[in-house]
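Structure first, then comments.
Chain naming here is simple, since letters A, B, ... match the order of the sequence lines and numbering starts at 1 in each.
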2 protein chains.
Amino acid sequence: MIENSELNVPQDLEKCIKFHGHLCPGLTYGYLVAKEAIRLLDIRRSEDEEIVAMPENDSCAVDALQVLLGTTAGKGNLLLKDYGKNVYTILDRASGRGFRFSRKISCRNDQQDKVLKSKSLLSRPFEEIFSTEEISASMPPYARISPSEPCAKCGELTMADKLRQGQDGKSMCIPCSDS
Amino acid sequence: MIENSELNVPQDLEKCIKFHGHLCPGLTYGYLVAKEAIRLLDIRRSEDEEIVAMPENDSCAVDALQVLLGTTAGKGNLLLKDYGKNVYTILDRASGRGFRFSRKISCRNDQQDKVLKSKSLLSRPFEEIFSTEEISASMPPYARISPSEPCAKCGELTMADKLRQGQDGKSMCIPCSDS
């Protein structure tokens, strides 16, 4: 196995590799998008929900967005749409600006070494790999916070606004309500 | 703002805080679950998809699972169910074992300082906070990989198995198909 320190890649990409577990073209696409969004929007990593990422796939790229932009699955500012599209929209709540990045080049799942393929992507101009469009998007709402209450059937603690009212007027969690 | 180094928390929790952006009870619940899963299953951080996490909510806790277990949104081994339930199932593909953790104590959204509340959780025995159940679960399939093809309408690259066949036989991405 190649150690990260032997990869000779930028330090911020090393952070992404450490989080993701390995270097691959998918992660590199996310890295390139995050860097370009930081440059265009002049933003810092999102401590809370200042930045919002809307990837239209659940590929490796998402992990680079999480690490570099702070748009994480547990913070409500990673709004993943499972369309399988190689598209990433990044919004900045402070300026109200947003950019949509759509990958232009195909990535074949051939046997070419993932590390070599990733490093070759790093050497190409961004505009060769992605098309970029500034968009006017309304900002999505902030993550909801609601207290937890026990489900009337299983007793397990559940966010109140995710409980469903049964015919008997009792509030049940989604799995109990569906069963 | 309190610097992480001033928080006087364990180093692995510091890593979670750095990724998540701040210390809060939600993150601490995820931290406690991840640590207990590591202890019970005798596992290391998942480089690829060796470990699978199935949180039944999208709260801050998810970020601690990502950091400590390597079950990340971009790797296909974070199978988030948006039920709002304070439940976390962690599976180990190698041993075929899994544990389900269900939070027993409520967390009021009052004004008590989040850092103090988090630190008080760290001082309590795990079994006071979560119930633990060993489960026999079948392992979920690995993440699918499929080549990208252009949508016949918008032309954007889309994972082939996410394309939908239109009445005219052309393959379209989900947004184009729905519009």
Side-chain angles (χ1 to χ4, degrees), chain A residues 1 19-22 26-27 30 45-48 55-67 70 72-76 78 80-87 102-109 131 143 145-151 154-163 173-175, chain B residues 1 19-22 26-27 30 45-48 55-67 70 72-76 78 80-87 102-109 131 143 145-151 154-163 173-175:
Chain A
M1 188 181 160
F19 178 72
H20 184 61
H22 55 265
L27 188 75
R45 191 175 188 278
S46 193
E47 291 283 315
D48 200 349
E56 298 187 24
N57 65 70
D58 61 356
S59 77
C60 309
V62 172
D63 282 350
L65 303 183
Q66 292 199 94
V67 171
T72 70
K75 227 157 52 183
L78 179 73
L80 200 152
K81 295 173 187 174
D82 190 18
Y83 298 157
K85 294 192 66 165
N86 296 292
V87 170
S102 178
R103 181 148 64 82
K104 297 193 289 186
I105 59 166
S106 281
C107 177
R108 281 168 301 157
N109 294 312
S131 68
I145 295 174
S146 84
S148 288
E149 293 174 16
C151 162
C154 69
E156 290 188 324
L157 288 171
T158 305
M159 264 178 76
D161 62 4
K162 290 278 180 187
L163 287 167
C173 69
I174 295 170
Chain B
M1 190 180 161
F19 178 73
H20 184 60
H22 55 267
L27 188 75
R45 191 176 188 278
S46 193
E47 291 283 316
D48 200 348
E56 297 186 23
N57 65 70
D58 61 356
S59 77
C60 308
V62 172
D63 282 349
L65 303 182
Q66 292 199 94
V67 171
T72 70
K75 226 156 52 181
L78 179 73
L80 201 151
K81 295 174 186 173
D82 190 18
Y83 298 157
K85 294 192 68 165
N86 295 292
V87 170
S102 178
R103 182 150 63 83
K104 297 194 288 187
I105 58 166
S106 280
C107 177
R108 281 168 301 155
N109 293 312
S131 68
I145 294 173
S146 84
S148 289
E149 293 174 14
C151 162
C154 69
E156 290 188 324
L157 289 170
T158 306
M159 265 177 76
D161 62 3
K162 290 279 178 187
L163 287 167
C173 69
I174 296 170

- Message: Using every non-hydrogen atom in the two residues, find where Leu157(A) and Ile105(B) come nearest and quote the distance to one decimal.
- Response: CD1-O, 3.4 Å

- Pairs of heavy atoms under 4.5 Å with chain B: top-ranked of Lys162(A), Glu149(A), Lys104(A), Met159(A): Lys162(A)

- Task: Pick one of side chain, backbone, both or neither for Lys81(A), based on which atoms fall under 4.5 Å of a heavy atom in chain B.
- Result: neither

- Item | Residue pair Ser148(B) / Arg103(A), side-chain heavy-atom distance below 4.5 Å | yes

- Item | Shortest non-hydrogen contact between Tyr83(A) and Thr158(B), atoms and distance | O-CG2, 3.6 Å

- Item | Note, Glu47(B) side chain near His22(A) side chain (heavy atom, < 4.5 Å) | no

- Message: If you define the side chain from C-beta out and look only at heavy atoms, does anything of Lys75(A) sit under 4.5 Å from Phe19(B)?
- Response: no

- Please report the shortest heavy-atom distance between Val62(B) and Gly74(A), naming the atom on each side. CB-CA, 4.1 Å

- Message: Can you tell me which portion of Cys173(B) sits under 4.5 Å from chain A's heavy atoms? Options are side chain, backbone, both or neither.
- Response: side chain

- Message: If you count heavy-atom pairs within less than 4.5 Å of chain B, which of Pro175(A), Gly76(A), Gly70(A) leads?
- Response: Pro175(A)

- Applying a strict 4.5 Å limit to non-hydrogen atoms, the region of Asp161(B) in contact with chain A is neither

- Which atom of Leu78(A) lies closest to which atom of Ala73(B), heavy atoms considered: CD2-CB, 4.2 Å

- Item | Point-to-point distance, once rounded to the nearest 0.5 Å, from CG of Leu80(B) to CG of Asp58(A) | 12.0 Å

- Measure across Ile174(A) and Asp82(B) and return the closest heavy-atom pair with its distance rounded to 0.1 Å. CD1-O, 4.0 Å

- Item | Set of residues satisfying side chain to side chain contact (heavy atoms under 4.5 Å, CB included) with respect to Ala143(A), sequence neighbours excluded | Glu49(A)

- Item | Results of side chain to side chain contact (heavy atoms under 4.5 Å, CB included) for Glu156(A) - residues two or more places apart only | Cys154(A), Lys85(B), Val87(B), Arg100(B), Ser102(B)

- Item | chain A contact via Ala61(B) - which portion, at a heavy-atom distance below 4.5 Å | neither

- Applying a strict 4.5 Å limit to non-hydrogen atoms, the region of Ser59(B) in contact with chain A is backbone

